[in-house]
Novice: 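Submitted below is the structure of interest, expressed as C-alpha cells.
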Amino acid sequence: MPHRELVLKSPELFFVNELAWESIRNRAAGLYFRDTRHLNSMRVHLNDQPPEVLAITPHSAASATITSTNPYLDLTGDGHLLPHTVAIEQRVLLDSSLNLTWILHNHARVTAAFDFGLLCSADFRDVFDIRGFPRHRFGTRLRPHASEGAIHLRYRAEDGSIFATSLSFDRQPRIDLRRLNGDHEEVLVPLLPGMDDLAIDPAPDDMAGVLLSFPVALEPGDRWELRVSVTPIIEEAREQIARPMQLGQSHSGNTTIVTDNPLFNRVMHRCQQDLEALMTRFPQGNLIAAGIPWYVAPFGRDSLIAGLQTVHIAPHGAEGTLRLLASLQGTKVDPATEEEPGKILHEMRYGEMARNGDIPHRPYYGTIDATPLFILLFAETVAWTSSDTLYGDLLPNVLAALEWVDAYGDSDGDGMIDYDATPTEGIRIRHRVWKDSLDSLHHVDGREPSGRVTPVEVQGYLFAAYRKLAVVAAAYGDGALAIRLEAKANQLQQRFELDFWMEDEGFYAQALDSDRSPMRSISSNAGQLLFTGIADPERAAAVAHRLRHPDMESGWGVRTLSASSTSYNPMSYHNGSIWPHDNSLIADGCYRIGEAKIGNEIFCAMFDAARLSVNERLNELYCGFSRSGAGADAPVPYPTACSPQAWAAGTLPYLLRGALGLEVDLSQHAIRLDPHFPPFLNEVSIHHLSALGHTGNLIVRRDGDGYSLSSDDLPVMLEPAGSGDHL
C-alpha cells in the first residue's frame, strides 16, 4: 500500500498515518499518549489481502475518512469477488480514544462472504526510543487479556507502571495471538474471553500482535458495519487522558481572519486548525505543543515563539503557555538536567525513558533562549490583554528569569547571554539555541567552536525582552524597574554592535567564540535581529538586503546558511535548509524597519510554499534547493520534518500581522496599523479581535496607493507604530 500520511490529534492523544500502515521500527506511525506508543500497527485484511486505498480525506484536526475497496478475492466457500466491487468507508475520530467505524457496501451482483481482519500490535515504545536514542533498559510485555467485547494489550514498565491499550468492538470476533517474523505471520493460539488461563502462555517476543477476525456475508446491495475503539490506559492513573478541548477553549478562541483571496483563506484556515490541534492539556496546564510526531510535549522555545506569532489572535493561548512554563521554572542547580534558578525549560517528557533517567527531560533545561523569550512573551501578552491578573501572577517568575540572565546566563559579565559549547556525554544538547543540532555552528573554514559561545539572535531576544518589559512595567507604575531595564537594553545594544558587526561583510556574525572572535558565517540568525530592534537602523537595512542575495534567498524563503559556506548542505537540518518560522521573524523585522518590499517577498514565498505543499500546510522545514533548480515546482520536504508544527503553523498569521503593521500602543491605549499588503491581498477582515481589554472587528482595505480602515468597538489608529515600542 502506498504511504499516505494522516495526522490526527486530540488532547494529548495523537495518531500518525493511515490505519493500514506498515509497522517499520523507526517510523513514527502509531497512536501515542504521553510519549508512549500505544498502537504501532493496525492492518486491515479481507481474507488476508489488504484493501486498496482510494482516498484519505481529513475533516478536522481530529477526524477523517479513508475510502478503500477490495482486491480480487477468493470467497469463503465458493466463487470469487472481482476487484472494486465492495466499497469500504472507514471513519476515524480521535477524542479520548481512537474511534473507528468501517462501513462495507456490496456493489457486486453476487453474495460476498469473507473474513474482515484487523491485525493489531502495541509495542509501548518510548518516543525517544523510536527516534533512535540509545536505550538499554526495557520493561516486559504482558500477556493480552480478553473480555467480552474487548481485548487489552499490556506492558509493565521497569518502574512497575502498567500500560494498556484497550480495543473494544461492537461485534464479537475470533481473537488469535500472532507472532510476526519479517513478512511471515504465524498463529500461536486462539484467545477466548474468560478462558485466558487455558491457553498456551507464549513468550513476550511471540506476542507481536492480535488478529481480530469478523465473518462477513453481504448479499448484493447489503451493508455491514463495525465499530472499534482504541483507548490508551495507564492502569494506576486511569483519568489521565483528558476530554477534547472545545473550540471556545482552544488557543485561537473565536478570532477569525478572512481576506479577499480564497486560496489564502484556505491556507490560513489550515494554520488555525493546526494551532488548535497542537494546543494540548498537560498535567501542569495548557500549552501549544511544538509538533507531531516528535514534540507533543511542554516545550520552551518553540511554544514561546508560537505564542509570539499568534498573540494577536490567541492571547489566551499565549497566557496558558506562560503559566505552564512558569510552573516548571528552574529553582535549583542540577547539572544533570541543566536546571538553574529562574531558567525556563527546554523540554518536558513523561515517558518511560524520562522516568528511568535514560534522558534528562524531567524536565530538561538545556537551552538559553527560552528564558529571554519567556520575558518577551510575558510583556507582549500583558500589553495585548491589559491583564492585571497576568501581570501580578507572573511578575515574580519574570523577575526570577531576569536574575537568571545575570547570575547564570551571562558567564563573563559582558551583559550578553552565552553557553558552554564543549561536547557533552549522554543525551544532552551541545548548542543551546534554536539551531541546536550538533553541526549547526562552524567558523567559515569549518572549525567548530570551543568553550563558551555567544549567539547573535539570543542577544536580540534579550534586548527586545528588556525594552518591551520596560514599556509594560512603566504602564503598570513600576518606574524603577522600567528605568533599570532601559539601562540594561542600552548597555547591551552598545556592546552588541561593537562585538558582532563585521564591517567588511556588512553583516552580523552568527556567534562569538570563546576568544571573542566572530564566527563569520552568513546565516539567517542575523535576520532574526530585525524584529527585535537591537540592530542599528542602517545596519539592519544592510542585513535585510544581504538576505536577498542568491546564496541566501532560495525562492522558497531565506536559507539558514549561505550556499557559499563550506558547511552548506541544502538537505541538512540547519546548514542550508529553509524554516518558515525563521522566515516569519525575518519578514516581520523587515516590515518594522521600513523594508516592506522585502517583507512581502518573503510573505509571498511562504504563501507559495504552503499552497503547494501537502494538505496546504507549511512544514517545520524544507530542503534549501533553489526554486530555479530541484525545487522548481514545489519546495522539497525535509524527510523527518514535523507536520503539523507549531511555529510553522504560526508563520502565516504572523506574516499577516507584519503586513498589517498591527501593534498595540500602551502610551495611547490604542491599536496602531501601518499596512503594506503583498500583491495577493487587497482586503483583510479580522473578526472578534481582542486587544487592550476591547473586543471587536477590523477591516483594512487597499485604497489606491493607500489604505482605508473600518472598525467597531476597537481603539484603532491608521499610522506607523511609535519607534519607542518596537514590538
Novice: State whether Trp556 and Arg627 meet the cation-pi test: NZ (Lys) or CZ (Arg) under 6.0 Å from the six-membered ring centroid, and within 45° of the perpendicular axis.
Specialist: yes

Novice: Can the ring centroids of Tyr591 and His676 be said to lie less than 6.0 angstrom from one another?
Specialist: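 No.
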
Novice: Considering all heavy atoms of both residues, which atom of Glu457 and which atom of Asn525 are nearest to each other, and what is their separation?
Specialist: OE1-ND2, 3.0 Å

Novice: Look at the rings of Tyr461 and Phe531 and say which category their plane angle falls in: under 30° parallel, 30 to 60° tilted, over 60° perpendicular.
Specialist: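 Tilted.
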
Novice: Would you please indicate yes or no on a ring centroid separation below 6.0 angstrom for Phe680 and Phe607?
Specialist: yes

Novice: Over all heavy atoms of both residues, which pair between Ser10 and Ala62 is shortest? Give the atoms and the distance, please.
Specialist: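 Closest approach of Ser10 to Ala62, heavy atoms only: CB-CB, 4.3 Å.
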
Novice: Kindly determine whether Arg301 and Thr367 satisfy side-chain hydrogen bond (donor to acceptor under 3.5 Å, both in side chains), including the steps that lead there.
Specialist: CA-CA 8 Å; Arg301 173 199 315 118; Thr367 190; 2.8 Å; yes

Novice: Could you grab the distance from atom CG of Leu698 to atom CG of Leu662, nearest 0.5 Å is fine?
Specialist: 7.0 Å

Novice: How about Tyr573 and Trp579: are their ring centres within less than 6.0 Å of each other?
Specialist: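 Yes.
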
Novice: Looking at every heavy atom in both Pro580 and Met606, which two are closest together, and how far apart are they?
Specialist: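 Minimum heavy-atom contact is CA-SD, 3.6 Å.
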
Novice: The test is side chain to side chain contact (heavy atoms under 4.5 Å, CB included); show your working for Leu469 and Leu402 and say whether it passes.
Specialist: CA-CA 11 Å; Leu469 184 58; Leu402 289 168; 3.9 Å; yes

Novice: Assess whether a salt bridge exists between Arg270 and Glu616, defined as any Lys/Arg side-chain N lying under 4.0 Å from an Asp/Glu carboxylate O.
Specialist: no

Novice: Less than 4.5 Å apart, side chain to side chain, heavy atoms only: is that true for His346 and Asp436?
Specialist: yes

Novice: Check step by step if side chain to side chain contact (heavy atoms under 4.5 Å, CB included) holds for Leu655 and Gln309.
Specialist: CA-CA 8 Å; Leu655 287 168; Gln309 292 173 316; over 6 Å; no

Novice: Would Glu486 and Lys468 satisfy salt bridge (charged side-chain N to carboxylate O under 4.0 Å, His left out), going step by step from the backbone distance to the final call?
Specialist: CA-CA 9 Å; Glu486 279 290 347; Lys468 191 69 180 186; over 6 Å; no

Novice: Mind running side chain to side chain contact (heavy atoms under 4.5 Å, CB included) on Gln493 and Arg467 for me, showing each step along the way?
Specialist: CA-CA 11 Å; Gln493 189 173 39; Arg467 276 283 171 88; 4.3 Å; yes

Novice: Taking all heavy atoms of Leu666 and all of Ala383, pick out the closest pair and write down the distance.
Specialist: CD2-O, 3.7 Å

Novice: Just so I know, are the side chains of Leu492 and Gln459 near enough to count as touching, which here means a heavy-atom distance under 4.5 Å?
Specialist: yes

Novice: Using a strict 4.0 Å threshold on nitrogen-to-oxygen distance, state whether Arg548 and Glu601 make a salt bridge.
Specialist: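 Yes.
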
Novice: Can the ring centres of Phe496 and Tyr508 be said to be less than 6.0 Å apart?
Specialist: yes

Novice: Of the non-hydrogen atoms in Leu618 and Ala648, which two are nearest, and what is the gap between them?
Specialist: O-CB, 3.5 Å

Novice: Look at the rings of His581 and Trp434 and say which category their plane angle falls in: under 30° parallel, 30 to 60° tilted, over 60° perpendicular.
Specialist: perpendicular

Novice: How far apart are the C-alpha atoms of Lys9 and Glu276, what are their side-chain angles, what is the distance that settles it, and do they pass the salt bridge (charged side-chain N to carboxylate O under 4.0 Å, His left out) test?
Specialist: CA-CA 10 Å; Lys9 183 177 176 297; Glu276 284 190 14; over 6 Å; no

Novice: Is the shortest heavy-atom distance from the side chain of Val458 to the side chain of Pro372 under 4.5 Å?
Specialist: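 They are in contact (side-chain heavy atoms under 4.5 Å apart), so the answer is yes.
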
Novice: Before giving the answer on salt bridge (charged side-chain N to carboxylate O under 4.0 Å, His left out), spell out for Arg559 and Glu553 the whole-Å C-alpha distance, their side-chain angles and the decisive distance to 0.1 Å.
Specialist: CA-CA 6 Å; Arg559 296 184 178 97; Glu553 171 53 48; over 6 Å; no

Novice: Taking the six-membered ring for Trp, is the centroid-to-centroid distance between Tyr707 and Phe677 below 6.0 Å?
Specialist: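 Yes, they do, as the ring centres are separated by less than 6.0 Å.
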
Novice: Could you go step by step and tell me if Asp588 and Arg657 meet the salt bridge (charged side-chain N to carboxylate O under 4.0 Å, His left out) rule?
Specialist: CA-CA 8 Å; Asp588 181 57; Arg657 175 185 165 183; 5.7 Å; no

Novice: Any idea which heavy atoms bring Glu380 and Val311 closest together, and the distance?
Specialist: CG-CG1, 3.9 Å

Novice: Before we go on, tell me: are the rings of Tyr638 and Tyr622 under 6.0 Å apart, centre to centre?
Specialist: no

Novice: With a cut-off of 6.0 Å (strictly less than), are more than 12 heavy atoms of other residues, nucleotides or ligands near NE2 of His687?
Specialist: yes

